[in-house]
Each structure stands twice: as structure tokens, then as C-alpha cells.
Amino acid sequence: GNGDGILMYNSRNWSKFLLANSATPSSFLCDENDVVWVGAQSELGCFLPDNLAGYRYVSLTHLVKSKFREFGFVFSINKTSDGIYFRTAENIFRLIPQGMFTIPIERGASLFEFRRTLFLYEPLKGFSVVSGNKLLRVFCEVPPPMLIRKVIPLGRDSALIVDARAGLHKAIFDFTNRYAIKMSVRP
């Protein structure tokens with residue numbers, strides 16, 4: 001993606017696709033069905049495989065409630081068994097066959113996946129597990145506000161959190177109870 005659309009290469013030719021509102025793409029996720037999910041400024045959608053054209057773009061922004069459609073950039077996209085999640089500055093949009101749902105979040109939040117579980121970090125509230133349209137709080141001492149850039153798995157129950165403000169943190173996860181996940185974070 002670039003400021004002039006999305007470029008795709010099929011091993012012989014380049015194709016250029018423009019998004020519905022000519023927005024600059026900011027996030028991509030290719031899933032196991034070769035669907036390419038796309039987030040841009042106030043635009044979200046997907047490229048569906050097409051036997052004739054290679055791919056065709058389908059905008060999904062019309063599924064977002066009108067009061068939330070000026071959402072700015074999509075910063076990340078995650079796919080779980082609960083749907084496709086598009087994270088913006090103030091909301092997570094969850095796409096499932098029944099429609100699009102909006103989950104309000106704090107500005108500066110980060111969304112990441114660890115062991116097939118989707119986590120949300122909000123600077124004032126701490127960590128939560130995203131379960132459908134709900135946020136389930138994780139039992140954890142809330143560290144000083146972090147600006148999470150990346151979460152790197154270290155093993156089955158630990159990960160390295162890359163914090164733009166304070167450097168690296170090690171997170172230890174306790175998945176003993178799926179609905180009461182515990183976590184500790186230390187520098």
C-alpha cells in the first residue's frame with residue numbers, strides 16, 4: 001500500500017487498486033482463505049479472490065454505524081474465531097456475519113494476539129481479553145502507561161512487550177482459567 005492506493009503482484013503483473021474514498025491504506029491482514037483485509041483512513045474493507053480479476057475490493061465501511069464512520073486510520077487488524085477486529089484510535093470494529101459491532105476504547109490503546117487470545121491494553125485501565133463484543137479485565141498490576149509497539153512471544157506463557165516509552169517489559173501469562181487470565185509485567 002502507498003499514498004496512491006494498493007499495489008498487488010501476481011508473479012507476472014502489477015495491479016493498482018484504489019479504495020472507496022481514495023484513502024491511504026494503513027493496515028493489512030491476509031487470512032487463510034487469501035482474503036486481504038484492509039484498513040485505511042475512515043475506510044475498511046477486503047480484497048476477495050476473484051477468478052477473473054485476481055482480486056476485487058469490497059468496502060465494509062457502510063456496515064459501521066454512521067456516527068462512528070469518521071474513525072481516522074485503522075492501526076491494526078486481527079482475525080480470531082470471534083471475527084475480524086479493526087482497531088482505530090477510539091474504537092474496535094468487530095465484523096461477524098451478523099454485522100459490524102463497535103467497542104469503545106481509550107486513545108493510545110494497543111491490540112495484540114498471544115496464544116490465540118486477543119488482548120487489549122488501555123493506558124488507564126490496563127489489560128483486557130477481547131471476547132466477542134466484550135472486554136474481560138485481566139488480573140494484573142497495571143504498569144505505568146505504556147506505548148506498546150510490538151508483542152513478541154518468548155515461550156508458551158511469556159512474551160516481550162516493546163514499549164516506546166520505557167523499553168522492554170517481560171509479560172508472564174497464566175491461562176489456567178480462560179475467563180480469569182492473570183498476567184504480570186515487569187521491566
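If you're wondering where the values come from, they're calculated on a predicted model, not measured in any experiment. Atom set for the values below is all heavy atoms of this structure, side chains included, hydrogens, waters and symmetry mates excluded.
Each salt bridge (Lys or Arg N to Asp or Glu O under 4.0 Å) pair with one or both residues in residues 151-168, not counting sequence neighbours, appears once here: R115-D157.
Applying the side-chain contact (heavy atoms from CB on, under 4.5 Å) rule to R12 yields the partners N10; only residues at least two apart in sequence or on another chain are considered. Under the side-chain hydrogen bond (donor to acceptor under 3.5 Å, both in side chains) criterion, E32 pairs with K79, not counting sequence neighbours. Every residue two or more places apart in sequence or in another chain that forms a ring pair (Phe, Tyr, Trp, His ring centres under 6.0 Å) with F173 is listed here: F114, F119, F175. Remark: E113 engages no residue in a side-chain hydrogen bond (donor to acceptor under 3.5 Å, both in side chains) (not counting sequence neighbours).
Considering only heavy atoms from C-beta on, D34 stays 4.5 Å or farther from D31 through its side chain. Residues Y55 and F17 form a side-chain contact, since some pair of their non-hydrogen atoms from C-beta on lies under 4.5 Å apart. T80 has its side chain within reach of Y85: a pair of non-hydrogen atoms, C-beta onward, lies under 4.5 Å apart. Residues R107 and E90 have side chains in contact (heavy-atom distance under 4.5 Å, counting atoms from C-beta outward). Between E106 and K125, the closest side-chain pair of non-hydrogen atoms falls below 4.5 Å. With contacts defined as side-chain heavy-atom distances shorter than 4.5 Å, the pair L29/V36 does not qualify. Using a 4.5 Å heavy-atom cutoff, the side chains of D174 and F139 are not in contact. Side-chain atoms of F93 and L60, non-hydrogen and from C-beta on, never get closer than 4.5 Å to each other.
For the pair E122 (side chain) and I105 (backbone), a donor-acceptor distance under 3.5 Å is absent. Counting only distance, with no hydrogens or angles, the side chain of T88 and the backbone of N91 share a donor-acceptor pair below 3.5 Å. Between the side chain of R69 and the backbone N or O of L63, no donor-acceptor pair lies under 3.5 Å. Between the side chain of R87 and the backbone N or O of A109 there is at least one donor-acceptor pair closer than 3.5 Å. With hydrogens and angles ignored, the 3.5 Å screen pairs no side-chain donor or acceptor of S27 with any backbone N or O of I77.
The distance from the CG atom of N78 to the CD1 atom of I92 is 8.5 Å, given to the nearest 0.5 Å. To the nearest 0.5 Å, atoms NZ (K134) and OG (S128) are separated by 13.5 Å. One finds the OG atom of S131 at 5.5 Å from the CG atom of D82 (value rounded to the nearest 0.5 Å). Distance check, rounded to the nearest 0.5 Å: OG of S26 to CZ of F73 gives 6.0 Å. To the nearest 0.5 Å, atoms NZ (K170) and CG (L154) are separated by 6.0 Å.
Tracing side-chain contacts under 4.5 Å through hydrophobic residues (I, L, V, M, F, W, Y), one reaches V74 starting from I84; they form part of the same cluster. With hydrophobic clusters built from ILVMFWY side chains whose heavy atoms lie under 4.5 angstrom apart, V151 does not share a cluster with L135. By the criterion of side-chain heavy atoms lying less than 4.5 angstrom apart, applied directly or through intervening Ile, Leu, Val, Met, Phe, Trp or Tyr residues, F75 is not grouped with W37; the two fall into different hydrophobic clusters. No single ILVMFWY cluster, assembled from side-chain heavy atoms under 4.5 Å apart, contains both I148 and L118. Using a 4.5 Å cut-off between side-chain heavy atoms of Ile, Leu, Val, Met, Phe, Trp and Tyr, with links allowed through other members, I103 and M100 fall into different hydrophobic clusters.
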Enumerate donor-acceptor pairs with a distance under 3.5 Å from any side-chain N or O in residues 40-51 to protein atoms, sequence neighbours excluded.
unit_1	atom_1	unit_2	atom_2	d
S42	OG	F71	N	3.3
S42	OG	G72	N	3.3
E43	OE1	S59	OG	3.3
E43	OE1	T61	OG1	2.9
E43	OE2	Y57	OH	2.6
E43	OE2	S59	OG	2.8
D50	OD1	L52	N	2.7
D50	OD1	A53	N	2.9

Next on the checklist: Before you tell me yes or no, could you show the steps for R94 and N133 under side chain to side chain contact (heavy atoms under 4.5 Å, CB included), namely the whole-Å CA-CA distance, both residues' side-chain angles and the distance that decides it to 0.1 Å?
Outcome noted: CA-CA 7 Å; R94 175 182 174 232; N133 295 330; 2.9 Å; yes
Checklist entry - Yes or no on side chain to side chain contact (heavy atoms under 4.5 Å, CB included) for L168 and I161, after CA distance, side-chain angles and deciding distance? => result CA-CA 6 Å; L168 301 176; I161 297 175; over 6 Å; no
